[in-house]
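What's counted below: heavy atoms across the whole structure, side chains too, no hydrogens, waters or symmetry copies. Numbered from 1 within each chain, the chains take letters A, B, ... in sequence-line order.
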Amino acid sequence: MEIFDVAVVGSGPAGMAAATTLARHGAHVVLLDEQPAPGGQIYRGIETLSKRDPALLALLGPDYARGLDLIHDLRASEADYRPGSAVWQVTPEKQVWYSRAGVSQGVAAKIVLLATGALERPVPLSGWTLPGVMTAGALQILLKSAGVKATEPPVLIGAGPLLLLLAKQYIDAGIRPAAVLDTARVSKFSALRHLPRALGATGRKYLAKGLSLMTALRRSGVPIYRGVRDVVIEGEERVEAVRFVSAQGPQRLAARLVALHEGIVPSQQIARSLRCDFIWDKSQHSFRPVVDSWGGSSMPGVLIAGDGARIGGAVAAEHGGRIAAFEALQQLGKIGEGERDEAAFAERRAQQGHLAIRPLLDALYPPPPAILNPHDDVIICRCEEVRAGELRAVIALGCQGPNQAKSFLRCGMGPCQGRLCGPTVTEIFAEAQGRSEDDVGYYRIRPPLKPLTVREFAEIDIDG
Amino acid sequence: MRRDYDVAVVGAGLVGAAIAYGLAKDGRRVCLLDEGDIALRASRANFALVWVQTKGHGYPPYAILTHRSASLWSSFAQEVEAETGVDLGFQQPGGFTFALSEEELEGRRRILDEVQAQPGVPDLGSRIVLRNELISLIPEAGPEVVGASYCAKDGHCNSPRLLLALHRGFGMRGGDLLTNRTVETITAGRDGFSILGEGEEIQAGKIVLAAGLGNIRLAPMVGLDAPLQPLKGQLIVTEKVRPFLHYPLVNLRQTDEGGVMIGSSMEDMGFDTSSVVPVVANMAKRAIRLFPLLAEANIVRSWAGLRIMTPDGFPLYEQSQEAPGAFLCNCHSGVTLAAAHAGDLAQAIGRGNLDGFGAFSGERLRVQAAQ
């Protein structure tokens, strides 16, 4: 088995910055990523786009182009970057197993650095499983990856910066969204206490960007509905309409394409499967791994950086990746503690600037109660079509928690490995049993983290 | 002494739930105590077989008990399903153990004969099936399969739903399922037991320890001994595929939901339940030799559980002499024996003596250990 100093998983901003830093300091590093090109979700397809369609790149904005620098540095470094490599198991002994072009192999590492980013919070609403309903992120990926323009003007439902950005990107691309249904319900005043902190130099840039997005959206003439609740997506074979209640009363809009977004949450799968400690983050309303100021998890030799540690955005993730890399270098004996602390100082300072906006965003866009505790008839597990009411029925019977529910209902047993129902299941337990999310816990995550054929498993060269 | 329950059953896995379900039938006040969501749970890692063919090799009482339970399973399933509305997915078409060489097949033949020849063992309906006949029954069997051992009493069910049904049925019969209630101490009093856990105390006339490996800790509190060892079993399951396999194999079966379970590795790994790549890879290799069509099926999950093994591998049912009314129940075949546990064993515990289960007391182990 190949041996590396560090195996970095994920080539988004945190993973790219970490791998580049590690390689520059002489560490033998492998960077494994599922996608065909570096960038992660945030800078997805950016290399191709910069060559093929510079106009679209310009349209996506300067924040997006920032990824090109990271990619350039990574490409120029000695890091062994392996695209198309889907990690499906990390063992406690720090063997990292991955599938590349239908063949699985493992690498051994002294340190594993997880930079697996975030995924969109599941939005279980009545009708969310109908064809024609997708996440805002998926719609944005369509836009980024091939410049494919969705044929229908989408109805955008939810809240948060990504939804605004997507609306703006669609408008700029010449497709006006059919409507924006804003589900944010917080009184803006209660969020204002976080404003002073957000007003640092970097924070102001984020605020200015947010305001300009809102202004652009308002000017575009796209209908915006505020205070939206009781959303029901209707349709037989596919989505046909959206019913909801807004500040103006009950509404119904015809729709052929719906994008949902209620923020993002840390991707938990690998750290969970390693049984790293997690904690419930009240302000971000999600689980996150317990990490120290260097990204060190509860498992020695396992570091976590970027949005996978806590949601902070792409630039904060980049700094977080470098901070974790310095810690790894110190653990490897490549640099001393003094050098580590010094190198990390500037990174921390820059990171703080980018994190300053977070408390305000978290306070402005908490997930709506309807998706945390959906009605009984709403499907919560898409793979196995389990409804919220079925879960509540076994809880009433005495079912202890998510893992027993998984066994009883097959909830979370499908190909998505519980990514899409895990957060909801924990919330429903917490609500029904009057327990904290920490106390309820989460699914045990089992390998393979990505489906793998029996053949591929059988052909693993165990001695190799 | 106040008495909250006639019987308290500790452990709501398949063994405890079946016994509690049986005990609750006759109007007894029964409670079933269980730990939290994360615990060592063999009931979530079993293979869901009702399996007879070579059980009790070397110990006829176990072969007889297994045969009896498998014979009762059909009416047991009907009763549970009628009462709870939960489909147990029970089927008893007979089961196979495939042989991939003449040597393996010869080994199967010998073991079938030896089990059947033991004194008191009823006709198990087992025999060797050669390749030609096997292919007519299971056309997808791989080219290396030379034959199989077969037993007509073998079957399988949906074991997670079995556990759900037992919990539901127990509740419907008036039992109290108390979860997140790890038992800390048990004190034997003059006319019953005081059970303390998570700050709550329960008084019960009798106590049944069905806590799997947890019995190691609990048994001494009532003058019993549970000399158990964990034996790791690795399982893998594929995505749902078209129905192709209508008989269970000892190490591979298609579930009623369509997924294929591959299992039955044996590793002595202490209390580690992690999934080990080389073990899974070897299981995958063998699965393809049994059924080449499985090569292209996706594996969606692998996990491991700990079997509860007594020193000789046979069940342990015993009443405490020091604290009568305390019963120890341990086995590694909670599915196969569920019918006997809910029936004969629950009745025996209700009566207060384990007549008919004498062969399964710890006495045999103490004799073996002394020798």
Visitor: Quick one: does A:Ile460's side chain get under 4.5 Å of B:Val280's, heavy atoms only?
Guide: no
Visitor: Is it the backbone or the side chain of B:Glu257 that comes under 4.5 Å from a heavy atom of chain A, or both, or neither?
Guide: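 Contact with chain A is through the side chain of B:Glu257 alone.
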Visitor: Could you tell me if the side chain of B:Leu163 sits less than 4.5 Å from the side chain of A:Gln404, heavy atoms only?
Guide: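 Yes, their side chains come closer than 4.5 Å.
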Visitor: Over all heavy atoms of both residues, which pair between A:Ala458 and B:Ile288 is shortest? Give the atoms and the distance, please.
Guide: CB-CD1, 3.7 Å
Visitor: Minimum heavy-atom separation for A:Val454 and B:Thr238, please, with both atom names.
Guide: CG2-CG2, 4.1 Å
Visitor: Need one label for B:Ile299: side chain, backbone, both or neither, based on atoms under 4.5 Å from any heavy atom in chain A.
Guide: both
Visitor: Given 3.5 Å as the limit, does a donor-acceptor pair link the side chain of B:Thr179 with the main chain of A:Gln400, or not?
Guide: no
Visitor: What part of B:Glu239 gets within 4.5 angstrom of chain A, counting heavy atoms only: side chain, backbone, both, or neither?
Guide: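 Neither the backbone nor the side chain of B:Glu239 comes within 4.5 Å of chain A.
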Visitor: For A:Gln95, is it the side chain, the backbone, both, or neither that has a heavy atom closer than 4.5 Å to a heavy atom of chain B?
Guide: neither
Visitor: Against chain B, label A:Glu459 side chain, backbone, both or neither, depending on which of its atoms sit under 4.5 Å from a heavy atom there.
Guide: neither
Visitor: Are there more than 12 heavy atoms of other residues, nucleotides or ligands under 6.0 Å from atom NZ of A:Lys94?
Guide: yes
Visitor: Using side-chain heavy atoms (C-beta onward) and a distance below 4.5 Å, is A:Phe408 in contact with B:Val86?
Guide: no
